[in-house]
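These notes are about the structure you will find just below.
We count residues from 1, following the sequence as given.
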Amino acid sequence: MGNCVKNNPLRTRADVERAAIQLIEPLIPLLSEGKARLNLGDTGAVYPPDIAEMEAFARPLWAIVPMLAGNCEGVEPIWAVWKQGIINGVDPKHPEYWGEVEDYDQRLVEMAVFGMGMALAPEKFFFSLPEEAQRNLHAWLDQINRHDIPKNNWTFFRVLVNMGFMVCGLPYDKARMDKDFAMIEEHYEGDGWYFDYFNQREYYTLWAFHYYGLVYAKVMGARDPERSAEYVKRGKLIAPDFACWFDSSCEALPYGRSLTYRFAQGAFYAAQALAEAECESMPYGVMKHLLLGNMRQWFSKPIFTRDGVLTIGYHYPNLLMAEGYNAPGSPYWAMKAFAVLALPDDHPFWQAEETPHRTPELSCQKHMRMLVARSADGSHVMAYPAGNRAHEHSHDEAKYEKLVYSTRFGFSVCKAQKLLKDGAYDNMLALSEDGDTYHPRYGCEEYEITESSVISVWKPFAGVTVKTTVTPMGEWHIREHEIVTDRTLYAAEGGFAIARGRNGEVETMEAADCTAVVAPWGVSGVRNLSGYTGGTVVMPEPNTNLMEPRTLIPTLTAKLEPGRHVLRSAVLGTVTGGRGLLEHPPTEVK
């Protein structure tokens with residue numbers, strides 16, 4: 001079975017419906033006897049296996065619900081199975097009952113899609129249940145109104161549940177909703193941008209805050225017109241900024257946490273279409289291109305088990321990059337991309353021709369705290385961040401604080417801080433006191449995002465201060481580090497991690513003036529402009545990079561005595577420029 005969607009062209013509504021069904025059908029034999037739990041593997045998460053199995057059951061509903069709302073005929077056999085699972089899962093007398101929840105419980109997350117089902121397809125999703133099951137579902141979901149949740153995007157889960165109650169004519173907690181709406185407003189910065197928990201900025205702005213707000217607007221436009229219109233307005237504001245994160249092939253920028261949700265990257269545009277939020281800067285043809293083009297990219301990758309189940313990982317199965325809340329069923333959050341199946345075949349979204357998105361070569365996204373650059377041919381998108389930090393997730397320094405992120409080269413996470421090969425320090429300046437244990441940028445004391453450069457001040461050790469300025473210049477960028485240190489340091493300046501290949505197809509260059517890897521599939525190089533004394537090509541531990549399991553990282557090195565030092569380099573990553581581009585680096589900031 002394996003990748004059952006690989007040959008799906010994803011051009012028509014029927015194709016997309018078939019893809020959703022192709023993704024769900026392999027799960028059916030893995031359901032429990034009562035159909036209320038789904039065991040997709042034995043890896044662990046921060047919550048226990050019975051909750052992980054409930055999560056795995058719930059997440060395909062993000063596709064099943066819109067298929068029900070859109071009267072997709074192919075969903076009926078699948079819905080019959082999931083419907084039985086819901087009946088049993090909310091029955092306190094049934095052995096597979098989903099149980100009483102606690103504060104901050106993962107099951108509170110999974111309740112959101114049930115609220116969406118009750119609101120978007122009330123007759124098929126809710127009123128088709130036996131009356132006892134309706135009462136049980138309301139009682140089980142209503143627990144969310146009696147428990148604490150994090151003050152972040154989770155707040156929208158409770159909004160969706162109460163929205164579902166409202167649409168179905170059931171008691172709901174208006175006071176809670178009002179407080180939740182107020183909390184959501186505290187996370188809105190303007191210009192369409194939200195931040196998440198602990199001031200984080202990543203995809204959760206798009207596949208959480210905006211997605212749920214646009215679903216709310218779709219359902220509640222008549223009941224709550226002012227708020228619904230505001231959510232639509234915010235979606236229109238952010239849509240062109242977010243389009244900058246996709247390259248010409250619709251590969252999206254790997255950045256931040258929860259990247260195992262994969263094709264959820266385009267789900268914002270599915271929700272935007274659902275909410276009828278077309279605008280001049282984002283017509284339906286562009287929405288369609290970004291959503292379906294991104295899904296096509298994902299469906300070409302080895303992201304499935306041999307029996308057709310989505311794996312934890314990014315471009316390939318990879319537990320190393322995962323967060324503690326990634327259970328075997330977690331990747332099915334990606335099913336949110338199928339929200340457009342609620343729209344009928346004659347809707348303008350489905351009738352529109354896919355239109356390539358056009359974005360500027362350099363976009364200053366100050367709310368996101370990054371510059372987003374793209375190559376002249378659009379084949380490569382690079383993001384240059386500073387000031388983002390997420391202190392509670394694994395590999396935060398790799399997921400948020402690299403000097404540059406790339407749609408073509410991905411990024412790497414470390415296996416250990418010992419040695420450069422364990423640290424896999426691509427696109428980082430890593431500093432060490434002993435030449436053995438390295439520290440990259442983690443937490444900025446100060447930062448500034450200008451229209452042309454990203455500046456940050458960070459302190460890897462007490463008594464050591466680094467001021468870093470990064471300036472994009474096409475597929476090159478110039479890095480300058482002003483380092484003041486009270487001790488001897490070893491410095492390693494990593495470039496883009498590039499695939500090793502299989503049979504010696506790569507050429508490596510290791511010198512103090514330039515270290516590089518030249519391959520048929522791309523070039524990664526770092527040129528010494530001043531301050532470095534050596535160069536090496538690091539062969540990191542396998543499976544450290546999100547896109548390629550075996551990589552090489554060109555790296556410049558230096559030994560710094562106590563005092564002030566300035567290190568300058570020009571860094572290149574390209575899949576189209578070839579070796580010739582490596583021979584012509586920029587030497588000065590324009």
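Taking Ser248 as the reference, nothing meets the side-chain hydrogen bond (donor to acceptor under 3.5 Å, both in side chains) condition, with sequence neighbours excluded. Not a single side-chain hydrogen bond (donor to acceptor under 3.5 Å, both in side chains) links Trp154 to another residue, sequence neighbours left out. For Arg11, the side-chain hydrogen bond (donor to acceptor under 3.5 Å, both in side chains) criterion is met by Glu354, not counting sequence neighbours. For the ring-ring contact (aromatic ring centres under 6.0 Å, His included) test, residues two or more places apart in sequence or in another chain that qualify with Tyr405 are Tyr255, Phe411. With sequence neighbours left out, Arg201 forms a side-chain hydrogen bond (donor to acceptor under 3.5 Å, both in side chains) with Glu189, Asn199.
Aromatic ring pairs are classed by plane angle as parallel below 30°, tilted from 30° to 60° and perpendicular above 60°; the pair Tyr211 and Trp62 is perpendicular. Note on ring orientation: taking the six-membered ring where Trp is involved, the planes of Tyr231 and Phe181 are tilted (angle from 30° to 60°). Taking the six-membered ring where tryptophan is involved, the planes of Tyr261 and Tyr325 are tilted, since the angle between them lies from 30° to 60°. Taking the six-membered ring for Trp and thresholds of 30 and 60 degrees, Phe165 and His138 have ring planes inclined between 30 and 60 degrees apart.
The side-chain heavy atoms of Tyr216 and Asp224, taken from C-beta on, include a pair separated by under 4.5 Å. In this structure, Val16 and Trp350 have side chains that are in contact, with non-hydrogen atoms separated by less than 4.5 Å. Phe209 has its side chain out of reach of Tyr188: every pair of non-hydrogen atoms, C-beta onward, lies at least 4.5 Å apart. Looking at Ser258 and Trp333, their side chains never come closer than 4.5 Å, going by heavy atoms from C-beta outward. Met287 has its side chain within reach of Met282: a pair of non-hydrogen atoms, C-beta onward, lies under 4.5 Å apart. No side-chain heavy atom of Glu353 sits under 4.5 Å from any side-chain heavy atom of His289.
Checked by atom type and distance alone, the side chain of Asn8 pairs as donor or acceptor with a backbone atom of Asp15 at under 3.5 Å. A donor-acceptor pair under 3.5 Å is absent between the side-chain atoms of Asn7 and the main chain of Pro9, judged by distance alone. Using a distance-only test at 3.5 Å, with no hydrogens or angles considered, no donor-acceptor pair links the side chain of Asn152 to the main chain of Asp196.
To the nearest 0.5 Å, atoms CE (Met368) and CG (Asp241) are separated by 11.0 Å.
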*Would you check, one step at a time, whether the test side-chain contact (heavy atoms from CB on, under 4.5 Å) holds for Val309 with Leu30?*
CA-CA 10 Å; Val309 176; Leu30 305 176; 3.8 Å; yes
*For Ser32 and Glu96, what are the C-alpha separation, side-chain angles and deciding distance, and is it a side-chain hydrogen bond (donor to acceptor under 3.5 Å, both in side chains)?*
CA-CA 9 Å; Ser32 57; Glu96 295 186 13; 2.6 Å; yes
*Evaluate side-chain hydrogen bond (donor to acceptor under 3.5 Å, both in side chains) for Arg107 paired with Tyr47, printing each intermediate quantity in order.*
CA-CA 10 Å; Arg107 287 167 291 187; Tyr47 38 92; over 6 Å; no
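Remark: Arg257 qualifies as a cation-pi partner of Tyr204 under the 6.0 Å distance and 45° angle criteria applied to the six-membered ring.
No more than 12 heavy atoms of other residues, nucleotides or ligands shown are found within 6.0 angstrom of CD on Glu102. Within 6.0 Å of CD in Glu33 there are 12 or fewer heavy atoms belonging to other residues, nucleotides or ligands.
For the salt bridge (Lys or Arg N to Asp or Glu O under 4.0 Å) test with Glu251, the passing option among Arg262, Arg374, Lys301 is Lys301; the others fail. Tested against Phe263 for a ring-ring contact (aromatic ring centres under 6.0 Å, His included), the candidates Phe299, Trp298, Tyr332 yield a single pass: Phe299.
The salt bridge (charged side-chain N to carboxylate O under 4.0 Å, His left out) contacts involving residues 133-157 comprise Asp142-Arg146, where partners must be two or more places apart or lie in separate chains.
In the model, Trp98 has no side-chain atom that pairs as donor or acceptor with a side-chain atom of Glu110 under 3.5 Å.
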